[in-house]
*Asks:* 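Questions regarding the structure given below will be posed in turn.
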Protein chains: 2
Amino acid sequence: MNDAVDLLMTQWARERPDLDVWPMGIMGRISRLSRLLDRELKEFFAPHGLERWEFDVLATLRRSGPPYELTAGALNKAAMVTSGAITNRIDRMAARGLVERIPDSGDRRSVLVRLTERGLALVDEVLEPHVANEARLLASLDPRERDHLAAALRSLLASLGDTTLG
Amino acid sequence: MNDAVDLLMTQWARERPDLDVWPMGIMGRISRLSRLLDRELKEFFAPHGLERWEFDVLATLRRSGPPYELTAGALNKAAMVTSGAITNRIDRMAARGLVERIPDSGDRRSVLVRLTERGLALVDEVLEPHVANEARLLASLDPRERDHLAAALRSLLASLGDTTLG
DNA sequence: GTTGATAATCTCAACGTTGAAATAACAGCA
DNA sequence: TGCTGTTATTTCAACGTTGAGATTATCAAC
């Protein structure tokens, strides 16, 4: 089965036969997959009244365990966005009552962001169907392929230095 | 070697042992890789005076072959963005003299976007080092791993219906 | 205890995308 | 020829992020 990147590479082979564009076979696919999958997740979360970035923040706090709080800095590293973006996200989510800002008694420069009861209930309600939806999107891979794919991606991520969540 | 997604999945295993979150091992990695690689490409193009989206448009036109022109619609499908984004991109690139708008004599609703000499020269100058930079980013994978990874990603992309460039 | 360097967050203007509405042109057909 | 439905592009306000600077707090060394 061919995909859009095969077509793209065929075009390069014709136009620039002097170049071996093999890296595009991986880079191009990661980029296109990321866009396609983002769209799917957006569609999934919309009926739940959530933006994807909101779910990401909720999930990051949820999986950190009780008391479901992290500093703003930890959140922005986990989300791979800038500090300005996290301030903005926390503002909006606090306005919706999903998280609350708590002063960090240990370090007054820091702000702790804590899941409210409402935020906790929402993420726990959405989590299982979300994972099921992700499984649906990956259903074309059999279990062996999944493991190999995850392993290859892990090795690439680690080689690029992505070894901590913040 | 572990990566950030291993940590994330460990947290879920502790907090929600009832759920098998295996899909995150693939979805999370594609998402994080896409961000990391985007940053790297941005850094690569900056010294060449190019934004990543500019290079994408130039490359799409270049690989389509002489006369290096495509409709605005073909460009927005290839770039996976909306029509509004493409109008904006063409405006800016035309202002920089990298592309020009040509009326489509066959269909007056369409606009053909054509690489200028300057745009052609620029993309041909940047292409080889760009591919070399991509190869550097993927250098941790040996040739067999590359092929397997590309094949798994192709199969996933194709299963999601990404089989044409526009 | 003051100084200087570092760190965490917030602020805000610039940027680019989205999504929907507007405009213009095509195609088929009565 | 005149309708009707569809397609291609542009327009534009709303949205969220970036990137840099401002603010406030910490820490180590003097």
*Asks:* Taking atom CZ of A:Arg144 as the centre, does the number of heavy atoms from other residues, nucleotides or ligands within less than 6.0 Å exceed 12?
*Replies:* no
*Asks:* Which is true for A:Asp104 with a 4.0 Å heavy-atom rule: it touches a base, it touches only sugar-phosphate, or it touches nothing?
*Replies:* nothing
*Asks:* Expressed in angstrom and rounded to an integer, what is the separation of A:Arg89 atom CZ from C:dT9 atom P?
*Replies:* 15 Å
*Asks:* Are A:Phe45 and A:His130 near enough that their ring centres are under 6.0 Å apart?
*Replies:* yes
*Asks:* Strictly below 4.0 Å, heavy-atom distances to any atom of DNA chain C: list the hits from residues 32-53 of chain B, or just say none.
*Replies:* B:Trp53
*Asks:* Between P on C:dT9 and CG on A:Asp91, what's the gap in Å once rounded to a whole number?
*Replies:*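 Distance, rounded to whole Å: 13 Å.
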*Asks:* Looking at every strand, decide which applies to A:Thr82 at a 4.0 Å heavy-atom threshold: base, sugar-phosphate, or nothing.
*Replies:*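 Touches a base.
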*Asks:* Show your reasoning for whether salt bridge (Lys or Arg N to Asp or Glu O under 4.0 Å) applies to A:Glu54 and A:Arg92.
*Replies:* CA-CA 9 Å; A:Glu54 289 180 306; A:Arg92 290 157 179 264; over 6 Å; no
*Asks:* Would you check, one step at a time, whether the test side chain to side chain contact (heavy atoms under 4.5 Å, CB included) holds for A:Leu137 with B:Met27?
*Replies:* CA-CA 9 Å; A:Leu137 294 168; B:Met27 304 285 286; 3.9 Å; yes
*Asks:* How far apart are the closest heavy atoms of B:Ser140 and A:Ser159, and which atoms are they?
*Replies:* OG-OG, 3.1 Å
*Asks:* Could you tell me which non-hydrogen atom of A:Ile90 sits nearest to which non-hydrogen atom of A:Ala72, and how far apart they are?
*Replies:*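 Nearest pair, atom of A:Ile90 first, then A:Ala72: CD1-CB, 3.9 Å.
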*Asks:* Quick check on DNA chain D: between B:Asn76 and A:Gly84, whose nearest nucleotide comes earlier from the 5' end?
*Replies:*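 Going by which nucleotide is closer to the 5' end, it is B:Asn76.
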*Asks:* Could you tell me whether the side chain of A:Asn76 reaches within less than 4.5 Å of the side chain of A:Thr82, counting heavy atoms only?
*Replies:* no
*Asks:* Could you tell me the separation between the CG atom of A:Asp107 and the P atom of C:dA7, rounded to a whole number of Å?
*Replies:* 12 Å
*Asks:* Need one value for A:Ala72: base, sugar-phosphate or nothing, where a base atom within 4.0 Å counts as base even if backbone is also close, heavy atoms only.
*Replies:*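 Sugar-phosphate: the residue A:Ala72, judged by heavy atoms under 4.0 Å, touches backbone atoms but no base.
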*Asks:* Tell me which nucleotide among C:dG19, C:dC10, C:dC26 gets nearest to the side chain of A:Thr87.
*Replies:*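 Taking heavy atoms from C-beta onward, the closest nucleotide is C:dC10.
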*Asks:* May I have the distance from B:Arg109 (atom CZ) to C:dT23 (atom P), rounded to whole angstrom?
*Replies:*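 Computing the B:Arg109:CZ to C:dT23:P distance gives 18 Å.
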*Asks:* Would you be so kind as to tabulate the donor-acceptor pairs closer than 3.5 Å made by side chains of residues 116-124 of chain B, with sequence neighbours excluded?
*Replies:*
from: B:Thr116; atom 1: OG1; to: B:Gly97; atom 2: O; distance (Å): 2.7
from: B:Thr116; atom 1: OG1; to: B:Leu98; atom 2: O; distance (Å): 3.0
from: B:Thr116; atom 1: OG1; to: B:Arg118; atom 2: N; distance (Å): 3.4
from: B:Thr116; atom 1: OG1; to: B:Gly119; atom 2: N; distance (Å): 3.0
from: B:Arg118; atom 1: NH1; to: B:Arg96; atom 2: O; distance (Å): 2.4
from: B:Asp124; atom 1: OD1; to: A:Arg16; atom 2: NH1; distance (Å): 2.8
from: B:Asp124; atom 1: OD1; to: B:Arg62; atom 2: NE; distance (Å): 3.0
from: B:Asp124; atom 1: OD2; to: B:Arg62; atom 2: NE; distance (Å): 3.2

*Asks:* Go through C:dA25, C:dA8, C:dT9 for me and flag the one nearest to the A:Ser83 side chain.
*Replies:*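 For A:Ser83, the side-chain atoms sit closest to C:dT9.
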*Asks:* What's the CG-P distance between A:Leu75 and C:dA8, to the nearest Å?
*Replies:* 13 Å
*Asks:* Supply the atom-to-atom distance B:Ile26 CD1 to A:Glu134 CD, rounded to the nearest 0.5 angstrom.
*Replies:* 10.0 Å
*Asks:* Nearest to the side chain of B:Val81 - C:dA24, C:dT9, C:dT18?
*Replies:* C:dT18
*Asks:* Under a criterion of less than 4.0 angstrom to any heavy atom of chain A, what are the 5'-terminal and 3'-terminal contacting nucleotides of DNA chain D?
*Replies:* D:dG16 to D:dT26
*Asks:* Find the distance B:Arg108:CZ to C:dA27:C1' and express it as a whole number of Å.
*Replies:* 14 Å
